[in-house]
Amino acid sequence: MSTPDVDLELELTRLVQRVRRRSIQIVSGLHRDLDYGTYLFFLAICDAPGQVRGADLAESMGVHKSTASRAIAALVKYGLVEQHPDPSDGRARLLVPTDEAASRLRAYRIETHERLVRLLDDWEPSDIDAFSGALRRFNDKAETF
């Protein structure tokens, strides 16, 4: 017997699996040795406003500094991220995506947006707004758990 909460859980699982599969495709396109967990660090660096310090990255992702340090080292080794001295703290390094890596991520995001537009091309604008609003509300509440 199907219930709304079971249906919702099933549909969320399907969505997460699909997003993960698509993300894994871009991961391999960025670098053959890049793993999904390190890719999440790359996204956080790319989405940070300006340059970000490793310690701040670790805190924002809720991981130990050593975990962030290993991911950062891999991203630098793969040529996806550059490190620059932090002028306010000589011991710290500021992280920024390389131009090429940022360009590839932008292209992926444009492609993803275009796919989403095609996916929703037969939806009414009001349905898209309702779906977006419900998803935003869900995500906002999920962040507080």
Side-chain angles (χ1 to χ4, degrees), residues 4-121 123 125-145:
D5 58 333
V6 171
D7 290 344
L8 177 61
E9 184 175 353
L10 172 65
E11 294 307 323
L12 284 172
T13 300
R14 290 178 59 205
L15 175 63
V16 168
Q17 288 173 339
R18 186 175 309 101
V19 168
R20 186 170 169 96
R21 280 193 306 269
R22 289 282 300 145
S23 294
I24 289 171
Q25 289 174 346
I26 186 62
V27 166
S28 63
L30 287 169
H31 193 278
R32 62 182 163 77
D33 294 329
L34 183 63
D35 64 73
Y36 186 75
T38 305
Y39 171 67
L40 296 177
F41 281 90
F42 175 69
L43 287 180
I45 292 167
C46 289
D47 293 340
Q51 300 176 337
V52 62
R53 292 176 47 185
D56 296 335
L57 183 64
E59 183 178 331
S60 72
M61 295 188 70
V63 299
H64 193 272
K65 289 178 186 179
S66 64
T67 301
S69 181
R70 284 189 298 276
I72 292 163
L75 291 168
V76 170
K77 176 182 173 185
Y78 302 155
L80 301 173
V81 169
E82 297 172 341
Q83 298 182 82
H84 303 284
D86 183 345
S88 66
D89 181 349
R91 300 165 301 160
R93 310 288 285 166
L94 297 172
L95 308 167
V96 62
T98 62
D99 290 341
E100 181 183 345
S103 176
R104 283 201 245 151
L105 183 61
R106 270 192 305 277
Y108 167 74
R109 286 178 166 169
I110 289 169
E111 176 189 330
T112 298
H113 177 75
E114 290 169 353
R115 287 172 54 101
L116 187 58
V117 167
R118 289 191 309 271
L119 180 66
L120 298 173
D121 68 355
W123 285 40
S126 60
D127 291 337
I128 296 171
D129 287 344
F131 180 65
S132 177
L135 194 54
R136 181 181 313 104
R137 193 169 128 214
F138 177 84
N139 282 326
D140 288 348
K141 184 154 187 182
E143 287 179 3
T144 66
F145 271 61

Any side-chain heavy-atom pair from Thr112 and Ile26 closer than 4.5 angstrom?
no
Apply side-chain contact (heavy atoms from CB on, under 4.5 Å) to the pair Glu11 and Leu15, showing each step before the final yes or no.
CA-CA 6 Å; Glu11 294 307 323; Leu15 175 63; over 6 Å; no
What's the spacing between Asp121 CG and Ile128 CD1 if we round to 0.5 Å?
9.0 Å
Roughly how far, to the nearest 0.5 Å, is the NZ atom of Lys141 from the CG atom of Asn139?
13.0 Å
With a sphere of 6.0 Å drawn around NE2 of His84, does it hold more than 12 non-hydrogen atoms of other residues, nucleotides or ligands?
yes
Looking at side-chain heavy atoms only, is the closest gap between Gln17 and Thr13 below 4.5 Å?
yes
Supply the atom-to-atom distance Ile45 CD1 to Leu95 CG, rounded to the nearest 0.5 angstrom.
5.0 Å
Distance-only donor-acceptor pairs under 3.5 Å for side chains of residues 51-59, two or more places apart:
none

Reported OG1-to-CD distance for the pair Thr98 and Glu82, which is rounded to 0.5 angstrom:
6.0 Å
Heavy-atom pair of closest approach, residues Gly37 and Asp35
N-OD1, 3.0 Å
Please find the pair of heavy atoms, one from Met61 and one from Phe41, that lie closest to each other, and give the distance.
SD-CD2, 3.4 Å
Cut-off 3.5 Å, side chains only: do Gln25 and Arg22 have a donor facing an acceptor?
yes
Can you tell me how far the CZ atom of Arg136 sits from the CZ atom of Phe131, to the nearest 0.5 Å?
11.5 Å
Kindly indicate whether the side chain of Leu80, heavy atoms from C-beta on, has any atom under 4.5 Å from the side chain of Tyr39.
no
Nearest-0.5 Å distance that lies between atom OG1 in Thr38 and atom CD1 in Ile72
10.5 Å
Are any of the side-chain heavy atoms of Phe42 and Leu34 separated by less than 4.5 Å?
no
Compare all side-chain heavy atoms of Leu43 with those of Ser23 and state whether any distance is below 4.5 angstrom.
no
Could you check Leu116 against Leu120 for side-chain contact (heavy atoms from CB on, under 4.5 Å), going step by step and ending with a plain yes or no?
CA-CA 6 Å; Leu116 187 58; Leu120 298 173; 3.9 Å; yes
Does the plane of the ring in His31 sit parallel, tilted or perpendicular to the ring in Tyr78? Use 30° and 60° as the thresholds.
parallel
Stepwise salt bridge (charged side-chain N to carboxylate O under 4.0 Å, His left out) check, Asp99 with Arg104:
CA-CA 9 Å; Asp99 290 341; Arg104 283 201 245 151; over 6 Å; no
